[in-house]
Every structure is written in C-alpha cells, then in structure tokens.
Amino acid sequence: MSISVTKRSEDYARWYTDIVQKAELADYGPVKGTMVIRPYGYALWENIRNIADRMFKETGHVNAYFPMFIPESFMHKEAEHVEGFAPECAVVTHGGGKKLDEPLYIRPTSETIIWSMYKKWIKSYRDLPLLINQWANVVRWELRTRLFLRTTEFLWQEGHTAHATFAEAEEETRRIIEIYRILAEDYLAMPVYVGKKTDAEKFAGAVHTYSIEAMMGDKKALQSGTSHNLGQNFAKAFDVTFLNSENKQEYVYATSWGVSTRLVGGVIMTHGDDKGLILPPRIAPYQLVIVPIWRSDDQKARIMEEVAKIKLQFSKADIRFVVDDNEQVSAGWKFNQWEMKGVPLRLEIGPKDIEKQQVVLARRDNGKKQFVAFESLFSVVNQLLEDIQSSIFRQARDFRDENTIEVENYSDFKKIIEAGGFVKAFWAGDGVAEARIQEETKATIRCIPFEQNRKGKCFFTGGAADTWVIFGKSY
RNA sequence: CGGGGCAUAGCGCAGUCCGGUUAGCGCGCCUGCUUUGGGAGCAGGAAGUCGCAGGUUCAAAUCCUGCUGCCCCGACCA
C-alpha cells in the first residue's frame, strides 16, 4: 500500500477512489460493480444509519423487512415504473436446479412487493396511515459504477407509507425531505439545496419527487436523498383500496423515500483533502485518536497511566475514541494514517506533556495544534468537536455558494457550466427545452428549490418566470 | 454498449519493441537488535502457475490468435 493519494487537482476521480481504498472504507468485490464495505466504512454508514433511523422513529415510522425476490408480473403492473427500472434489473431465472415458471426480479426498489402486501393489510381508514421503513440491499445493473456513488448492489433505507388523503401523503413527503436535509446538513455537514424534481428527473411512478442536492469538491451535483409522493399510482396498480369514514371505497395514497450508502461518497467528496478523508465529528467512527509517545519503559508506564484516566473520562462522556499504542510504527506514521482516515481530533501525549500536565490536540480540518492542560481536556475536546463540525459545514457551504452563479442568458450559462459549478437562474422552459440544454451542455435541472420569492425573466426562453432553479452536471 | 488504457510477489512498477542466465526493483510482510514528538535504521529471510486458453519455436513474461477482468472517457441512469 503506497502512502499517499492522487492530488485532487490532478485527477479528482482517482483521488476519490484512492481515498476510498486507502482509508479502508471499501474495496472492489469480485463481481463487476460490486463493493465490499470494510469495517471502517461500515462503521461510518452505521452512524449515519442510526441517526436517520432515530429520526424516522421519532416521526412515527417502524421498521420491517420485505423479500428481495419480486415476481416478474409485479414489476409490470405500474407502467412508468417498469419502464424506468426493467432495463437495470437483475433477474433470477433458475432455482433448485430448474428453470422457474416465473422469473424473479432482484429488487431495484420495493414499491411493488410492498404494495402487494399493503393490499392485504389495508381495509379501512382506521388502518391508515401505515408508516413502514426497511433497511435493505437493492440491486441495479448499472453500466458504469463507482464505489459508494453507484454500485450494482448497495445498502439503503426505503420508507413506504400509505395515507388516506393526498394532502397527508404530501405532508409526509415534505416531512421526510426535511429529515434528509437535517441529516445532510446537521450531521454530515453537507449543505444541500432542497427542492422539487422536474418531470424529466422524477422517480418512475411518482406524481412528484423532492430531493436534496449537494455540491461535491469538483463542483458536480450529488443527488443525496429523494422523497416521492406516489399519489394513487401504486394503489391503482395493486388495487389497494380502503373504506373511508364516509363508507366509500377509495384508492390509498402513497409515498416512498430513501437515502443510501451514496451518502458516504458525498461525505468524502464534500470534505476530503489531499491528505485524505475529513470526517464530521457527529458521524466519525472515531472522533479522536490518542497517540501515546514514549522512549523508555518508565515513560511508557507513566503515560499509559495518564491515558487510562483520559479513556475513562471519554468513555463516560460517550466520546468515540481509539488509542493507537502500536509499538511497531512511528508516531509520524500514525499521524499520517489517522489523517488519511479523517479522524477529527488527534491527542498526542508524551514525556514532555506529562511533566507539564498537558496534552497536544491537533485538528484534522485545519491542522492547528494546541496544548491543553489535563484539567480542561474534556471541555476543550467537546468544544473542538463542535467547532470542527460547524466549521467544515461553513466551509462547504461557502464553497458551494461561491460556485453557484446566477445567470441571465444562455451564453453565460454555458460558460459557468463549462468552467464547473451550479447555475442559479429563472426558468420558464418546458421538458423539451430542458432536454436540449442537457444535450448541449450535459447540465440538468437539479431541483426547483422550495424557497421561491422572486420573479424574473427566463434565461433560456426569455419569458416571464416566477420560479428559479438550480442547474448542474451531476454524478 | 462505443473509444482508450492496463493485467508480472500483498501494493506500486521495470522488463515485452528486438524471444535466450536462476524474472528484477521500491514499499509492505517475517526474524533479531536499535528506535518512537510528522511517513525510523541495520542485518538476515519468505513470498511469483508473469490474467486465462491455445499456437509458433530448440527456447515465450516477451511473438501470434482467442477469451476474461479491471480502470478512465463517452452513451445510459430515481
């Protein structure tokens, strides 16, 4: 294993794959496009997952698990859905040594199998709302894959809810996209635009789709979470009706929503630098690494005694830490290794520190070191972790804002997209105009932000526009 | 699915054009000693079906044919 990554400025794509592998987040699986999530990467995912899971439960959702095999006939029941997904599905044709009567699709998403079950479970408005989430793997036969960002198999959560009215479903869809915003911004320190997808970009089978869109270090957009209002499309496809309070049969209203291991890729590309990963303290597997330094056995004993006290203090306070007392490698080596892995804070403690009753704390985000007395260690660590969290968020937001340029005409638009960055512009075009822009520039409307308070002139058609949108090239 | 590149020790590579000692180098790994505050030093050691399958040849990592896999770019994509 070589010891450094390709510079971001030299080759961003290589920098990314270097980091994923050298920080030991993931490795390539034996089947093309598959990924092994290694323990360090999985710990990061688990932290993200636990935060999301808690927020779902706080808003009344429960977890369940549905099978990964979907009868082929289910996939064909919703027209747009099958058109959107059939080309990228893996299909099982044999089982038990025999050809199956009906091929089984490996779920690319679970709307169909879940709604086939909801038909059995929903009879009256008293059964609603039904708020179920599942944590699962899904498979999409992607042509071009990248670790975490787009793999053939990936992990995610998919929420599938059923409601008595469109308004309730809409409220749910909006509630979830707000949870995703909080997850991204307050925990992953990844600033996002929140808004609605255009018809061209929405989910296959949805009435409309909301998404959170983040800007990566190469100024490309990463769709990081989506929440769909499915209307009655799946209820009609699977004939799921309920008796409303006026004793009338009505189709059920649905939502679905998901975030995936792609978020890990988002964190890497939002915060990482040429030394490796930079992890937000709130989701970092280790918030702090302790590197003890000594020469003699006497010193070792003294230092480890002090380390034991520090450990006790941190354990009680739920600070996630690791002690790297490996004697086989030098301290300098450890510094670089843990920087590669993005641990927010490093604590050095050596003979000189013991004399002065202090430690050295070094921040991963800006490299600054400071001496901290034993008695104030705990409060300083807490304060630094919070400061790193907010500081890397601010930095990412400033970067995004600096690279989100407002334009008034198509020629400026092309320049910005060519140079890299998001375009913010008034829009009154239709799907045809959108497709033409994509063809000519590769940029798409990432979302129509919720915040709409101005009117202007469409940069493309010149017509009066009461909405503005975000354009960008995307992953 | 198109264009390009790559495949030799765990990792990174040289050797391939122009066939010919026992296939090398750096890092890592193992043993020992000295080291440890920004990627330690010395000594010794282990590790290779040269991606796979055919072919040419006295002789193939090297030449020929076919195949496979991965990476990058494009097309495609919630």
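Just so you know, these numbers use all the heavy atoms, side chains as well, and skip hydrogens, waters and symmetry mates. By convention in this document, chain letters (A, B, ...) are assigned in the order of the sequence lines, proteins followed by strands, and residues within each chain are numbered from 1.
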**Q** Within the pair Arg14(A) and C72(B), is there a side-chain N or O less than 4.0 Å away from OP1 or OP2?
**A**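 For Arg14(A), the contact criterion (side-chain N or O under 4.0 Å from OP1 or OP2 of C72(B)) is not met.
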
**Q** Applying side-chain hydrogen bond (donor to acceptor under 3.5 Å, both in side chains) as the test, list every pair that has at least one member in residues 175-187 of chain A; sequence neighbours left out.
**A**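 Qualifying pairs, neighbours excluded: Arg54(A)-Tyr187(A), Gln157(A)-Tyr180(A), Glu171(A)-Arg175(A), Glu172(A)-Arg175(A), Glu178(A)-Arg181(A), Arg181(A)-Glu185(A).
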
**Q** Classify the ring geometry between Phe154(A) and Trp156(A) as parallel (under 30°), tilted (30 to 60°) or perpendicular (over 60°).
**A**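 Phe154(A) vs Trp156(A) ring planes: perpendicular.
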
**Q** Any strand counts, and the cut-off is 3.5 Å on both contacts for Watson-Crick or G-U wobble. Which nucleotide pairs with A53(B)?
**A**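 Across all strands, the one nucleotide that pairs with A53(B) is U65(B).
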
**Q** Could you note down all residue pairs passing side-chain hydrogen bond (donor to acceptor under 3.5 Å, both in side chains) where residues 368-380 of chain A supplies at least one of them, sequence neighbours left out?
**A**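 Applying side-chain hydrogen bond (donor to acceptor under 3.5 Å, both in side chains) to every pair that reaches into residues 368-380 of chain A, excluding sequence neighbours, yields nothing.
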
**Q** Does any residue of residues 319-331 of chain A have a heavy atom under 4.0 Å from RNA chain B, and if so, which ones, in number order?
**A**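 The answer is Glu327(A), Val329(A), Ser330(A), Ala331(A).
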
**Q** What do the steps show when you test Glu339(A) against Arg364(A) for side-chain contact (heavy atoms from CB on, under 4.5 Å), and what is the final call?
**A** CA-CA 6 Å; Glu339(A) 280 165 5; Arg364(A) 173 63 180 90; 3.8 Å; yes

**Q** Is there a Watson-Crick or G-U wobble partner for G19(B) with both distances under 3.5 Å, and if so, which one is it?
**A**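 Per the H-bond distance test, none.
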
**Q** All N/O contacts under 3.5 Å from nucleotides 67-70 of chain B to the protein, with atom names and distances to one decimal?
**A**
from   : atom 1 : to       : atom 2 : distance (Å)
C70(B) : OP1    : Lys32(A) : N      : 2.9

**Q** Distance check: side-chain N/O of Lys442(A) vs OP1/OP2 of A75(B), anything under 4.0 Å?
**A**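 It does, given that an N or O in the side chain of Lys442(A) lies less than 4.0 Å from OP1 or OP2 of A75(B).
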
**Q** Under a 3.5 Å cut-off for both distances, is C1(B) Watson-Crick or wobble paired, and to whom?
**A**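 Pair assignment: C1(B) / G74(B).
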
**Q** Only pairs with both distances under 3.5 Å count, Watson-Crick or wobble alike; so what is the partner of C29(B) in this structure?
**A**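 G45(B) is the nucleotide pairing with C29(B).
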
**Q** Has Lys341(A) got its NZ or CZ under 6.0 Å from the middle of the six-membered ring of Tyr40(A), at an angle within 45 degrees of the ring axis?
**A**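 Satisfied, under 6.0 Å and within 45°.
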
**Q** What nucleotide among C1(B), G38(B), G39(B) has an atom nearest to a side-chain atom of Glu339(A)?
**A**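 Of the candidates, G38(B) comes closest.
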
**Q** Please confirm whether Trp257(A) and Phe56(A) have ring centers closer than 6.0 angstrom.
**A**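 Yes, the ring of Trp257(A) comes within the 6.0 Å limit of the ring of Phe56(A), centre to centre.
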
**Q** Please table the atom pairs, donor to acceptor, closer than 3.5 Å between any side-chain atom in residues 81-92 of chain A and protein atoms at least two apart or in another chain.
**A**
from     : atom 1 : to        : atom 2 : distance (Å)
His81(A) : ND1    : Ala204(A) : O      : 3.1

**Q** Under 3.5 Å, which donor-acceptor pairs do the side chains of residues 467-475 of chain A form with other protein atoms, sequence neighbours left out?
**A**
from      : atom 1 : to        : atom 2 : distance (Å)
Thr467(A) : OG1    : Trp427(A) : O      : 3.2
Trp468(A) : NE1    : Glu451(A) : O      : 3.0
Trp468(A) : NE1    : Gln452(A) : OE1    : 3.4
Tyr475(A) : OH     : Asp218(A) : OD2    : 2.5

